[in-house]
Amino acid sequence: MKFTYYGHACFAVESDDMKILFDPFISGNDLAKNIDIEKIEADYILVSHGHGDHVADLAPIAKRTGATVIAAYEVVAWAQKQGVESVHPMNFGSAVFPFGKLHFLPAWHSSTMPDGSAGGNPGGFLLHGLDKKFYYSGDTCLMMDMQLIPRYAKLDFAILPIGGNFTMDVDDAIVAAQFIDCDRIIGVHYDTFGYIKIDQEAAVKKFRTAGRELILPVIGETIEL
Ligand code: NI
Ligand code: MN
């Protein structure tokens with residue numbers, strides 16, 4: 001599986017000729033200036049919640065690519081108002097897509113759309129059906145519900161926020177890695193703004209000391225997982 005990092009909490013996975021983009025926020029991120037959003041392709045776009053730093057580039061990319069937007073009902077309703085046609089609304093639970101089974105699971109956070117409309121409940125995603133199983137928690141603090149994840153799947157990797165302030169910090173993400181029983185964590189949601197600046201080297205070391213791997217891809221980098 002190919003994993004491409006577009007900065008902040010935006011990334012794509014590609015496998016079996018299927019490209020899935022998550023939480024498109026690029027044009028408003030100074031650190032992601034080198035990413036050309038016109039060149040991003042997607043078959044599906046999964047959105048964890050309605051905050052601007054997760055949906056800012058959703059409508060243009062969805063409209064250009066024709067990708068199907070999968071998100072909470074309220075996020076989807078907002079996307080439709082922006083002219084997005086292909087959508088699949090969800091609430092917490094699971095559904096089966098051409099890329100396999102998908103769980104949409106709770107996150108402890110908030111969710112309001114950029115126009116002030118309701119964003120539904122914030123969530124995260126567990127993908128079972130591609131060649132690698134993975135969990136993206138979305139924006140959340142550490143929560144006991146993460147302990148359910150190993151009942152659903154033995155993860156190959158997970159994407160967790162590590163920047164603190166609005167989400168888990170590095171220490172909480174290490175506990176989350178234990179809860180979800182996953183050795184390989186890709187850190188997101190750090191360094192973009194002043195509140196979430198971290199010491200990357202120290203973060204990687206802390207994970208290593210805890211017996212786990214923290215991967216911090218460079219923005220624009222594609223890695224094989
Ligand atoms: Ni948020
Ligand atoms: Mn966020």
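When a ligand or atom number is given, it counts from 1 through the structure's own listing order. Just so you know, residue 1 is the first one in the sequence shown, and it goes up from there.
In summary, no N, O or S atom of His49 is located under 2.8 Å from the Mn ion (ligand 2).
Closest approach between the Ni ion (ligand 1) and any N/O/S atom of Asp139 involves OD2. When you scan the N, O or S atoms of His189 for the one nearest the Mn ion (ligand 2), you land on NE2. With respect to the Mn ion (ligand 2), Asp53 has OD2 as its nearest N, O or S atom. For Asp139, the N/O/S atom at the shortest distance from the Mn ion (ligand 2) is named OD2.
Checked for salt-bridge contact, Arg208 and Glu213 miss the test: no charged N lies under 4.0 Å from a carboxylate O. With salt bridges taken as basic N to acidic carboxylate O contacts below 4.0 Å, one links Asp181 and Lys154.
The number of heavy-atom neighbours closer than 6.0 Å to NZ of Lys2, taken from other residues, nucleotides and ligands shown, is 12 or below. Counting non-hydrogen atoms of neighbouring residues, nucleotides and ligands closer than 6.0 angstrom, the NZ atom of Lys132 exceeds 12 such neighbours.
The ND1 atom of His51, the Ni ion (ligand 1) and the NE2 atom of His49 define an angle of 90° (nearest 10 degrees).
Under the 30°/60° scheme for interplanar angles, the aromatic rings of His109 and His49 are found to stand perpendicular.
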